Amino acid sequence: MTIEPGTTPFQVDLRRHLREREEDRDLTRVICELATASRYIIYSIRTGELGVAGTSNLYGEAQLKLDVLADRIIRKRMTHTGVIASIASEEDAEVRVIDPEGKYSLVFDPLDGSSLVDVNLAVGTIVGIYRGADVLKPGREMVAALYILYGPRCTLVYTTGNGTHEFAMNALMEYTLVQEDLKIADRASMYAPGGTRNKYTPAVEAFVSHLESRGSKLRYSGGFVPDINQVLIKGQGMFLYPHLTDLPQGKLRLLYELNPMAFLVEQAGGAASNGRQRILDILPEGIDHRQPVFIGSKSDVAKIEELIRTLES
Ligand code: AHG
Ligand code: MN
Ligand code: MN
């Protein structure tokens, strides 16, 4: 259902949307608490200090105050739900057990692209939700995934395995439905190439040349959340952060960056691969497991997999 411009948008808010689709009440509570957490994160982005927290995460990356603040805000609200078993965050070196009997567990990147905040570019929160306490399972075991995009408008996109749906935050800071069942076309006319071109392998170089020869436009913001959101909302596109000659595993983390986005994109009819296999089938080797990623229009994901089989096997 898409709200036609100029019509009065249904005030179908997030909670009503989840209830009308008879989602589990505890899962609805977790998703709505994440939506509430985003209000505080937006406030801290727009008003808070952008300084460095003086600490670093397990990747050795200096944590910005906003990274740590966003992590704390989400942790606090998730603990408050009373249904969370464990939490794995980009900002923490290990999985934290909240309640071993908890119904759901969370993997999340509290503030992805945080280095873009000081240049006023869009950043986001990425979340994956599993049943039970074990989060080191293939992404196909997730029961829900969502991201919140802090851009000129604040939007939330979620799936529980029944399509991918977009909401926008209104003046009352509630999320109301913009469109249901987003769809990604088979072929991309836009691409977001991560990494540095001089480090591309032959198959990746051939793939990008193939996209360019078709007239595909380069659209890369440096933020995973806005770059994936562009593919979902434009209904076509390819995002790649490939294996590089000096970074064979790529840069992005499987658990809380690639898996949630792969779930959302697959639910919109797209595909997500590490170049050789489906992202959602990969067994995480740890919370810091990195993987190359090619995600978006299905026929183009198949194309890069074919090029890798042909040129890099
Ligand atoms: P994070 O800020 O959580 O570390 O993630 C940043 C990621 C992702 O947002 C983006 O796709 C990628 O870094 C961009 O990397 P480059 O700056 O190397 O292009
Ligand atoms: Mn990130
Ligand atoms: Mn981050």
Side-chain angles (χ1 to χ4, degrees), residues 34 37-38 41 44-45 48 50 52-53 55-75 87-93 106-128 139 145-151 157 190-200 204 208 218-232 237-262 264-265 272 274 279 284 287-296:
L34 288 163
S38 72
I41 296 174
S44 57
I45 289 170
L50 306 183
V52 180
T55 51
S56 60
N57 62 19
L58 84 153
Y59 309 99
E61 295 158 345
Q63 289 173 308
L64 299 178
K65 285 183 179 165
L66 285 176
D67 288 322
V68 175
L69 192 54
D71 181 74
R72 275 210 201 111
I73 290 167
I74 293 172
R75 255 174 223 288
I87 284 180
S89 162
E90 179 186 82
E91 301 310 327
D92 196 344
L106 225 63
V107 293
F108 70 104
D109 182 347
L111 204 60
D112 179 82
S114 46
S115 56
L116 299 171
V117 173
D118 62 347
V119 292
N120 202 17
L121 284 175
V123 293
T125 295
I126 311 172
V127 184
L146 63 89
Y147 61 77
I148 296 153
L149 176 54
Y150 312 108
V157 174
M190 170 185 69
Y191 69 106
T196 43
R197 188 112 185 219
N198 62 339
K199 302 280 178 54
Y200 280 4
V204 178
V208 169
L218 191 157
R219 292 280 186 277
Y220 188 77
S221 81
F224 192 39
V225 178
D227 287 344
I228 294 294
N229 186 66
Q230 183 164 220
V231 171
L232 278 163
M238 269 303 297
F239 176 94
L240 51 148
Y241 207 106
H243 50 299
L244 303 171
T245 49
D246 63 349
L247 206 61
Q249 292 300 310
K251 172 179 182 180
L252 298 181
R253 278 62 54 119
L254 175 65
L255 211 62
Y256 41 72
E257 289 170 326
L258 303 186
N259 273 338
M261 292 310 201
L264 288 158
V265 164
N274 67 357
I279 288 287
I287 63 173
D288 58 345
H289 187 182
R290 297 172 195 261
Q291 279 292 284
V293 65
F294 304 89
I295 180 170

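One-based numbering, in listed order, for ligands and for the atoms of each. Small disclaimer: the values here were computed from a predicted structure and weren't measured.
Within the protein, the N, O or S atoms lying under 2.8 Å from the Mn ion (ligand 3) are Glu90 OE1, Asp109 OD1, Leu111 O.
Residue contacts with ligand 1 for Glu91 are absent, since no atom lies close enough (heavy atoms, distance under 4.0 Å).
Each of Val225, Asp112, Ile45 was scored for a side chain to side chain contact (heavy atoms under 4.5 Å, CB included) with Val123, with one residue passing: Ile45. Checking each of Val157, Ile126, Leu34 against Leu146 for a side chain to side chain contact (heavy atoms under 4.5 Å, CB included) leaves exactly one that passes, namely Leu34.
Near Tyr220, meaning under 4.0 Å from one of its heavy atoms, ligand 1 places the atoms 14 (C), 15 (O), 16 (P), 19 (O). Set against the non-hydrogen atoms of Asp109, the atoms of ligand 1 under 4.0 Å away are 3 (O). Interface atoms of ligand 1 facing Phe224, defined by a heavy-atom separation under 4.0 Å, are 8 (C), 9 (O), 10 (C), 11 (O). Taking a cut-off of under 4.0 Å to the non-hydrogen atoms of Glu257, the atoms of ligand 1 that pass are 3 (O), 5 (O). Atoms of ligand 1 found under 4.0 Å from any heavy atom of Lys251 (numbered from 1 in listed order, with element): 12 (C), 13 (O), 14 (C), 15 (O), 16 (P), 17 (O), 18 (O). Within ligand 1, counting atoms from 1 as listed, the ones closer than 4.0 Å to a heavy atom of Leu252 are 7 (C), 8 (C). With ligand atoms numbered from 1 in the order given, ligand 1 contributes 11 (O) to contacts under 4.0 Å with heavy atoms of Phe239. Listed by number with element, the atoms of ligand 1 under 4.0 angstrom from any heavy atom of Glu90 are 3 (O), 4 (O).
Its N, O or S atom nearest to the Mn ion (ligand 2) is what matters here, and for Glu257 that atom is OE2.
Considering backbone and side-chain atoms alike, Ser115 places every N or O at 3.5 Å or more from each N or O of ligand 1.
Under 3.5 Å, the side chains of Ser38 and Tyr150 contain no donor-acceptor pair of N or O atoms.
Within the 3.5 Å criterion, the main-chain N or O of Pro110 finds a donor-acceptor partner in the side chain of Thr125. For Asp227 (side chain) and Ser221 (main-chain N/O), a donor-acceptor pair under 3.5 Å exists by modelled atom type.
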